[in-house]
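Everything on this sheet refers to the single structure shown next.
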Amino acid sequence: MVHDEEVAVSASVIDVAADPHAEQFREQVLAELDVLARVARRLTRDHHAAEDLVQETLLRAYRGHARFDGRHPRAWLLTILRNTHLNQVRKRRPDLLEDELAQRLPARGSEGGTEGAAEQALRDQLDPVVRDALAMLSANHRAVIALVDLDGLTYQEAADLLEVPVGTVMSRLHRARHKVRTRLEAHGKVEERP
Amino acid sequence: MRWRRRPPSPLPADPDCHQVAEVLQSYLDGELEPGDTGAVAAHLEHCERCGIEAETVTRVIEAIRRQRPPLDPDGIERLAGFVDGLTGAEGD
């Protein structure tokens, strides 16, 4: 037997599911969950905090979806993610100045976040020369490598997240990759330039 | 590796080695306009020196990308469930 309340809830769910706005939102965000999870982990450096951050981002995005023009969903979501993270940091550390907040955004490690045993085991099999080369980069260089090469952001998306011009992202990426290349060449991992 | 500056766009239809070197990073990252992408690809087809450089840079980028930490599939599943909950799509 189905109670009236259950019928009401079911009807409500059907109404929402049939809502083209809800369906459009769903399509836009499901495609970006991996990127959001990666960037959130980089910002928070913690799996649980990253998941909370993405959920809060999705909630805010859903509430504001009516004002979204539908173009560049990833950039839109990353902006919300970034602002949500800044708000969370600001609540925890109200003493931080704006420029200090901005400084917290670039990734500080090549991977960020705490890793499970399985992830750690997999990473141990990866090339230690590359890992060491990345670890030796400056924080700014590591940040662009992390966002572009590891998280899959475009130059523009990385520039927006770091609040620097796109040319700066390209320049840092060039220098960072050049340093990795030099180290790989020194270890015979790639051929040296003639 | 001389691929740091955003190139003047569009490239000439038949760019020289210097022009290709300037945009190689953007080309390999898929950040060039379609017309410029075609011009660089055509150059790499017939220029052995630039082709070798592109292969080397690609290997560097791939080596870096292999360092990408894996995502927790359960976490992504939970986030997808959260989206379903938001949009009332449970049970689809």
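Every chain is numbered from 1 and lettered A, B, ... according to where its sequence line falls, protein lines coming before strand lines.
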[X], part contacting chain B, at a heavy-atom distance under 4.5 Å:
X	value
A/L59	both
A/L58	both
A/D34	both
A/L33	both

Counting C-beta onward and ignoring hydrogens, is there a side-chain heavy-atom pair between [X] and [Y] closer than 4.5 Å?
X	Y	result
A/Y62	B/V83	no
A/E23	B/T87	no
B/L79	A/L30	no
A/R41	B/L71	yes

Find the distance between [atom1] ([X]) and [atom2] ([Y]) and round it off to the nearest 0.5 Å.
X	Y	atom1	atom2	answer
B/I76	A/R38	CD1	CZ	8.0 Å
B/I64	A/L184	CD1	CG	7.5 Å
B/R68	A/D151	CZ	CG	7.0 Å
B/D72	A/H47	CG	NE2	7.0 Å
A/T154	B/D29	OG1	CG	10.0 Å

- Where do A/M170 and B/S26 come nearest, in terms of heavy atoms and distance?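 Shortest heavy-atom separation between A/M170 and B/S26 comes out as CE-OG, 3.3 Å.
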Which atoms form the tightest heavy-atom contact between B/Q67 and A/L150, and what is the distance?
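For B/Q67 versus A/L150, the nearest heavy atoms are C-CD2, 4.0 Å.
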What residues form a ring pair (Phe, Tyr, Trp, His ring centres under 6.0 Å) with B/F82, not counting sequence neighbours?
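For B/F82 there are no ring pair (Phe, Tyr, Trp, His ring centres under 6.0 Å) partners, ignoring immediate neighbours.
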Please identify, among A/V180, A/D149, A/V148, the residue contributing the most non-hydrogen atom pairs under 4.5 Å to chain B.
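If we count pairs closer than 4.5 Å to chain B, A/D149 comes out on top.
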Between A/R181 and B/E53, does any side-chain N to carboxylate O distance fall below 4.0 Å?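 Looking at B/E53 together with A/R181, the answer is yes, because their closest N to O distance falls below 4.0 Å.
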Check your understanding: Counting N and O atoms only, with roles assigned by atom type, does the side chain of B/R66 sit under 3.5 Å from a partner on the main chain of A/V130, one being a donor and the other an acceptor?
Key ->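 Answer holds: no.
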Which donor-acceptor pairs under 3.5 Å do the side chains of residues 50-57 of chain A make with protein atoms, sequence neighbours left out?
residue: A/E51; atom: OE1; partner: B/R78; partner atom: NE; Å: 3.4
residue: A/E51; atom: OE1; partner: B/R78; partner atom: NH2; Å: 2.8
residue: A/E51; atom: OE2; partner: B/R78; partner atom: NE; Å: 2.6
residue: A/E56; atom: OE2; partner: A/R60; partner atom: NE; Å: 3.2
residue: A/T57; atom: OG1; partner: A/L53; partner atom: O; Å: 2.8

Q. For A/R74, does the CZ atom have more than 12 heavy-atom neighbours from other residues, nucleotides or ligands under 6.0 Å away?
A.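 Result for CZ/A/R74: enclosed.
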